[in-house]
Amino acid sequence: MSASPQRSRHPAPAAAGGGVLGRLIDLSPAEFARDVWARTALYTPRAGDFSDLFSADAVDELVSRRGLRTPFLRVAKDGSTLPDTSFTSSAGVGATIPDQLDDTAVWRAFADGATLVLQALQRTWQPLGDFVAGLSSDLGHPVQANAYVTPPQNRGFDDHYDVHDVFVLQIQGTKRWLIHEPVHPDPLRDEPWTDRRSAVAEAAKGEARIDTVLEPGDTLYLPRGWLHSAQAQGAVSIHLTLGIHTWTRYVLAEQLAQAALAMLRDDPRMRTTLPLGTGEPDEEIDVVRRLLGAAVEEADSAPLFHRARRGQGRPAPLGPLAQFDAVHGLRPDSAVRLRAGLQARLEGRCLLTRVGWLEFPESDLPPVTRLLDGDVRTAQDLGIALVRRLLRAGVLVPAEP
């Protein structure tokens, strides 16, 4: 077996000060950013114990007791995804929605060799919700969590590449991974591997860059575009895939172009109808090129980018009853903090968040600015009326003093 870069099999403590990312690698965040991120695959044996994040018991509970609906589960066999109707049904009286998981059908598919793919676990499994939020904060890019549950000696999907980076965390059992370098480096989100199916299949016949068996506690990092396939060995395999939906310069260009076009909508020179008989409007294109270039120079795409970032994730969970108690039991010494994951940003007198925007009088701007640091504050420190308003809006939550 060959792997590059990889580490010898020895315990690897989390990098000091590495946050959530430090649990996944045995490099410092600075080393990872400089030598690995978006550049090359990284195999890290014994990165840590991930049993607090997910387990076989979690799979059973999610499938049989949580009333999950599609698309929170996909089922794959022989490289293809099975139709949802083959493993969903109504759940009986009071739960007649027809696309809920049928645990008997799921079991039969799994026993017949199918791989179960539990998707968006950050929404349905609280330990992963917290972990994913922390990793997203560390990386500055949106993250989602899927689990792949594969029967012995089976493979869920053919060789392929993803259009997002991934961290693979082996939870239970073992799985052999074959990794090949990209046939199309850094694919954009609308460039799936199926567009290059023949090139992917041909490249997968060559010598693997990494050929290794992941054991519980091992991790693997793959930048988008790196080819991979995986096969369970002699027991049921469970691994987590943390998909990192990376921001790119192309996305920034889209945001900048949108901002420039929005400016040009009100320019009378752009709104003018082209002359009659325009067949090859070279002169008109030159005019548009000059106006568009000038608009790009002046455009501010930051509001669009931050709005897109806010739309890519969700804030931390909010308990309505705990929030009710916080509002109605508010006292001067009540401790509060900014709700995590809001992507809160103050623009002028407006606070923009994932749960909406609020406008404030000038007198409230200093305390609003202070709460953005995430520290625990008292209602008296910020102002009881302001705190009550922000609790009602779901921007502040109760905290331990």
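Side chains are part of it too, since the values below use all heavy atoms of this structure and drop only hydrogens, waters and symmetry mates.
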Over-ring placement of [X] relative to [Y], 6.0 Å and 45° cut-offs:
X	Y	answer
Arg389	Phe360	yes
Arg39	Trp226	no
Arg34	Trp37	no

Exercise. Are Ser89 and Asp102 linked by a side-chain donor-acceptor pair shorter than 3.5 Å?
Worked result: yes

Exercise. Between the side chains of Asp57 and Ser55, is a donor N or O closer than 3.5 angstrom to an acceptor N or O?
Worked result: no

Any sub-3.5 Å donor-acceptor pair from [X]'s side-chain atoms to [Y]'s backbone N or O?
X	Y	value
Lys77	Asp112	yes
Arg66	Thr124	yes
Arg224	Asp186	yes
Glu359	Arg349	no
Tyr221	Ala38	yes
Gln100	Ala95	yes
Thr194	Arg197	no
Gln172	Gln170	no
Arg189	Thr246	yes
Thr88	Asp84	yes

Problem set entry | Identified side chain to side chain contact (heavy atoms under 4.5 Å, CB included) partner of Val395 from the options Val368, Val355, Val387 | Val355

Exercise. When the ring planes of Tyr161 and His184 are compared, do they come out parallel, tilted or perpendicular, using 30° and 60° as the limits?
Worked result: tilted

Seminar exercise, completed: Correct closest heavy-atom pair for Met263 and Glu298 would be CE-OE1, 3.6 Å

Exercise. So which heavy atom on Asp195 is nearest to which on Asp190, and how close?
Worked result: OD2-O, 4.1 Å

Electrostatic pair [X]:[Y] at N-O distance under 4.0 angstrom:
X	Y	value
Asp381	Arg370	yes
Arg65	Asp60	no
Asp138	Arg23	no

Problem set entry | Nearest-0.5 Å distance that lies between atom CG in Leu222 and atom CG in Asp165 | 8.5 Å

Problem set entry | Pairwise distance CG(Leu118) to OG1(Thr241) - rounded to 0.5 angstrom | 12.0 Å

Exercise. Would you say Arg345 has more than 12 foreign heavy atoms packed within less than 6.0 Å of its CZ?
Worked result: yes

For this session: Please indicate whether Glu347 has more than 12 foreign heavy atoms, meaning atoms of other residues, nucleotides or ligands, lying under 6.0 Å from its CD.
Result: yes

